[in-house]
Number of protein chains: 2
Amino acid sequence: MAVTIKDIAKAVGVTPTTVSMVVRGDKRISASTTEKVQKVIKEMNYRPNYIGRSLVKGRTNVIAIATGFFSNMFTVEIMRGVESKLIPTNYRVNQYATRGISEKEDEMFREILYGARPEALICISIKPSAEIIGEYQKEGLPVISIEESAEGISTVKVDNEKGAFIAVDFLVKKGRNKIGMVVGKLSGCLSGANANERLKGYKDALTMHGISYNPERVMEVGDYSFEEGVESVNRLFRRDAQFDAIFCAAGDMTAAGIIRRAQEKSLRVPEDISIIGYDDMIIASIVQPTLTTVNQPVFEMGRASIDLAMDLINKKETQKTITFQPTLVIRASA
Amino acid sequence: MAVTIKDIAKAVGVTPTTVSMVVRGDKRISASTTEKVQKVIKEMNYRPNYIGRSLVKGRTNVIAIATGFFSNMFTVEIMRGVESKLIPTNYRVNQYATRGISEKEDEMFREILYGARPEALICISIKPSAEIIGEYQKEGLPVISIEESAEGISTVKVDNEKGAFIAVDFLVKKGRNKIGMVVGKLSGCLSGANANERLKGYKDALTMHGISYNPERVMEVGDYSFEEGVESVNRLFRRDAQFDAIFCAAGDMTAAGIIRRAQEKSLRVPEDISIIGYDDMIIASIVQPTLTTVNQPVFEMGRASIDLAMDLINKKETQKTITFQPTLVIRASA
DNA sequence: TTGTATGCGTTATCAA
DNA sequence: TTGATAACGCATACAA
């Protein structure tokens, strides 16, 4: 078994209390005993057990992060930001993946709340039910949502309407007026607020430029894969509509698929058809032509979520919404 | 504060022991009290606190996973495998990123071991020092290393020699004999066993085909970025050597950079120069021409690491090495 | 079938 | 400046 505070106490000839105080750097212990205790701590390679400490302190120094999958690029970039902010703190993160099984979400959130007892919960692209939010509030445990927002919790998000707006505005100013849109699910259990907000930005930009909205030009996709990009071009071109541009609000990977399929159909990008993606992932600068896309400061959002979590934990802040601004990164595809 | 076992006990009019036994489904409690207790548990929304439970049981139901960064594609894919295997268990993972700061690694491993007290440690692409391994062994805590291997710990790896061998063998059989190699650091603190094993496979394949080894054709790179691929072509072509192929053992992203730079130099891929990558990440099927590459069953390795961890925790297995076989995925670049 | 007593590793309160 | 005692939430050996 591991060395405990008691072992140290016995070895030095003091009580556990004294050792505990030395461990925590309490100034009331004399220099001489402090030194003796620290020497034995080093020799016996003692370190405090967080479990015991958590139990008595009622604090776990853990931030829980929940999302569907930790394996997509957006989440990975968020986590990079999270990691970078976590270093100077003595907090750790515990990850919880729902894996898209929404029936089990409530159960998972309760297990986190009552079982694991983190000091804050950060949700990425998922939204706890109102009931769960109520239970977290009752326990005084702050909840932060990245991307989604809900009554009673803090939010870190990007202005999706604006992101879509600046992309479509740019296309129109380039002389395009038959602009298609590929976007995530607008309704149903897999839908998020994002898709609808981006659709609104798209419509607003069209309206502003006096272009009528044609639902035949909008295509919903389920995941954010390359293959769905390929497939969405196939399906859009079967419809009764023409296109001189496609704004892919469903991410750069799908946009890459769109470029590929367009090229296979002998359409020149951007001469015959302009394409704009969303997210500004690394893939955007690798495809040919390189992809004009809407950048979201994802790394910064990860960092902001930890800052906010710490402020909420330390009661320096109450419920708050942080909105980041997207920017258009102009490359070669539009 | 949250509901505890005591609150339930008081509400029902039994002792905490009885409630504890009901929670764990002990058959010794009568059906009638079991029912009463369960009713109140539901009403008061009670759930066992893992901290308390861990302290007394000496088990945390946590597997620690440590690596440099969780944000690269290889690690992400490992984590996907890990997540997929974790569902039916009641184990969770805690992530620890060293962020490449190797001086602090020992300290981190000790904090994990003595502070967080997981039941197993999985290291991805990093290798604990012999001293640390000794301490983990002393505590009876199994360590699994993915990619790296070391004395005294279990390993999940891919046959790197074979991966390089099949790639180079394929190139030679295609009539190439001036084959360059781009590979990770072969020595120094950032080096791994991987790079050297792949170099050996490269040399073995050349030898087998009677081609002499020319160190001028080998180029070391530090990270696995697209930019390094671009840069490595620049540097290789400044050397006193010719090339009709490049085997990029430093991953597909770097290989994509090599393709790009080769094309910029008006070299046709694969007519003038064949290129083979490593890892078979999604990028391999997106670049033009699509990339011939060495596939590693990364997802499966993640899954295997959890299976192995569970077996080690449950003493069904002692130290063990699992070696996966790479395969060559032939696409258009070679 | 249920309750009593004790302990897991740590910290906090109060007393010496 | 240090120590004795109790407590955090839970599980378990043993007693009743």
Side-chain angles (χ1 to χ4, degrees), chain A residues 1-38 40-41 44-62 90 111 113-119 139, chain B residues 1-38 40-41 44-62 90 110-111 113-119 139-140:
Chain A
M1 278 302 296
V3 179
T4 73
I5 232 171
K6 285 185 195 167
D7 302 321
I8 305 293
K10 202 174 290 176
V12 182
V14 292
T15 59
T17 306
T18 307
V19 178
S20 174
M21 293 176 86
V22 170
V23 168
R24 284 169 295 129
D26 196 307
K27 292 291 175 201
R28 286 174 299 182
I29 304 296
S30 71
S32 67
T33 41
T34 297
E35 195 180 345
K36 271 190 289 184
V37 170
Q38 278 172 340
V40 176
I41 283 179
M44 298 183 68
N45 201 6
Y46 166 79
R47 251 144 247 268
N49 177 320
Y50 297 153
I51 312 269
R53 184 177 277 182
S54 293
L55 191 58
V56 54
K57 302 253 287 187
R59 307 191 64 169
T60 51
N61 282 36
V62 165
N90 55 349
E111 288 247 338
L113 174 57
Y114 302 110
R117 304 207 70 81
E119 298 182 38
E139 292 292 325
Chain B
M1 278 302 295
V3 179
T4 74
I5 232 170
K6 284 186 196 166
D7 301 320
I8 304 293
K10 201 175 291 176
V12 183
V14 294
T15 61
T17 306
T18 307
V19 177
S20 173
M21 294 175 87
V22 169
V23 167
R24 283 168 297 125
D26 196 308
K27 292 292 176 201
R28 285 175 298 182
I29 304 297
S30 71
S32 66
T33 40
T34 297
E35 195 180 343
K36 271 190 288 184
V37 171
Q38 279 174 339
V40 177
I41 284 179
M44 299 183 67
N45 202 6
Y46 166 80
R47 249 146 249 267
N49 177 321
Y50 297 154
I51 313 267
R53 185 176 275 182
S54 292
L55 192 59
V56 54
K57 302 252 289 187
R59 309 189 63 169
T60 51
N61 282 36
V62 166
N90 54 348
R110 290 207 176 90
E111 287 247 337
L113 174 56
Y114 303 110
R117 304 205 70 81
E119 297 182 37
E139 293 291 327

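Predicted model, so just to flag it, every value in this text is computed and none were measured. Letters A, B, ... mirror the listed sequences (proteins, then strands); counts begin at 1.
A salt bridge is absent between B/D26 and B/R24: the closest approach of a Lys/Arg side-chain nitrogen to an acidic carboxylate oxygen does not fall below 4.0 angstrom.
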What string of B, S and - do you get for nucleotides 6-16 of chain C, 5' to 3', if B is base contact, S is sugar-phosphate-only contact and - is no contact with any protein heavy atom under 4.0 Å?
-BBBBBB----

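To the nearest 0.5 Å, the span separating OG1 on A/T4 from CZ on A/R47 amounts to 15.0 Å.
With hydrogens and angles disregarded, no donor-acceptor distance shorter than 3.5 Å links the side chain of A/E111 to the backbone of A/A116.
We find that CD1 of B/I29 is positioned 13 Å from P of D/dA11, with the value rounded to whole Å. Atom CG in B/D26 sits about 11 Å away from atom C1' in C/dT2, given to the nearest Å. B/R59 places its CZ atom 19 Å from the C1' atom of D/dG9, with the value rounded to the nearest Å.
For the OP1/OP2 pair of D/dG3 and a distance below 4.0 Å, the side-chain nitrogens and oxygens of A/T18 include at least one atom meeting the criterion.
For B/E35, the CD atom counts as loosely surrounded, since its 6.0 Å shell holds 12 or fewer non-hydrogen atoms of other residues, nucleotides or ligands.
In this structure, A/I41 and A/V23 have side chains that are in contact, with non-hydrogen atoms separated by less than 4.5 Å. In this structure the side chain of A/Y114 never reaches within 4.5 angstrom of the side chain of B/V3, judged on heavy atoms.
Residue-level contact check: A/S54 touches neither bases nor backbone, having no heavy atom under 4.0 Å from any strand.
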